[in-house]
Amino acid sequence: MRDGTAIFANTVRTALTDHPKWVGIKCDFRNAFNEVSRTAFLRFIARNFPALLLVMLSAYGVPAYITALGSIGWVRFLSRRGCTQGCPAGGLCFAAALQENGAAT
């Protein structure tokens, strides 16, 4: 859906305006794709899809610095976990990490 976030925000704002006794609560959840273990998904890929391993190591083999514009200006941080947003293999990495962690339990 296009503009889904804006539609949702406007709907909540309208509801709170129409019902002044209502309260809105915003919760910030971590993105599961950004929390999975890179070691886990690389291990799974090495064992099950060895032809992909060199490509995946080039993308996720070492932590990478990410630069972003924050409220205090440009910030730089080290990305050590999870999949990169927009990575075409993101779904595979996430599922592989879940499989690898599930196999360990």
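All residue numbers in this chain count up from 1 along the given sequence. Side chains are part of it too, since the values below use all heavy atoms of this structure and drop only hydrogens, waters and symmetry mates. Computed from a predicted structure; not experimentally measured.
Proximity of Thr67 to Val75: side-chain heavy atoms (C-beta onward) are nowhere separated by under 4.5 Å. Counting heavy atoms from C-beta outward, Ile66 and Leu78 have side chains that stay 4.5 Å or more apart.
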List the steps and the verdict of side-chain contact (heavy atoms from CB on, under 4.5 Å) for Cys83 and Val36.
CA-CA 8 Å; Cys83 312; Val36 296; 4.3 Å; yes
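Legend: ring pair (Phe, Tyr, Trp, His ring centres under 6.0 Å) pairs involving residues 56-87, not counting sequence neighbours, sorted by first then second residue: Phe41-Tyr60. Pairs of residues two or more places apart, or lying in two chains, that qualify as side-chain hydrogen bond (donor to acceptor under 3.5 Å, both in side chains) and include a residue from residues 36-46 are Arg38-Ser79.
Cluster annotation: Val55 is not connected to Leu57 through the hydrophobic network of ILVMFWY side chains, with a link wherever side-chain heavy atoms come within less than 4.5 Å.
The environment of Leu54 atom CG is sparse: at most 12 non-hydrogen atoms of other residues, nucleotides or ligands sit within 6.0 angstrom.
Under the rule for a salt bridge (charged side-chain N to carboxylate O under 4.0 Å, His left out), Arg81 has no partner lying at least two apart in sequence or in another chain. Remark: Asn34 pairs with no residue by the side-chain hydrogen bond (donor to acceptor under 3.5 Å, both in side chains) rule, at least two apart or across chains. With sequence neighbours excluded, no residue satisfies ring pair (Phe, Tyr, Trp, His ring centres under 6.0 Å) with Phe44.
To the nearest 0.5 angstrom, Glu100 atom CD is 10.0 Å from Ile45 atom CD1. Here the CG-SG distance, from Leu92 to Cys87, works out to 8.5 Å after rounding to the nearest 0.5 Å.
Leu16 belongs to a hydrophobic cluster with Phe8, Val12, Trp22, counting contacts under 4.5 Å between side-chain heavy atoms of Ile, Leu, Val, Met, Phe, Trp and Tyr, direct or through other members.
Closest approach of Pro50 to Asn48, counting heavy atoms only: CD-C, 3.5 Å.
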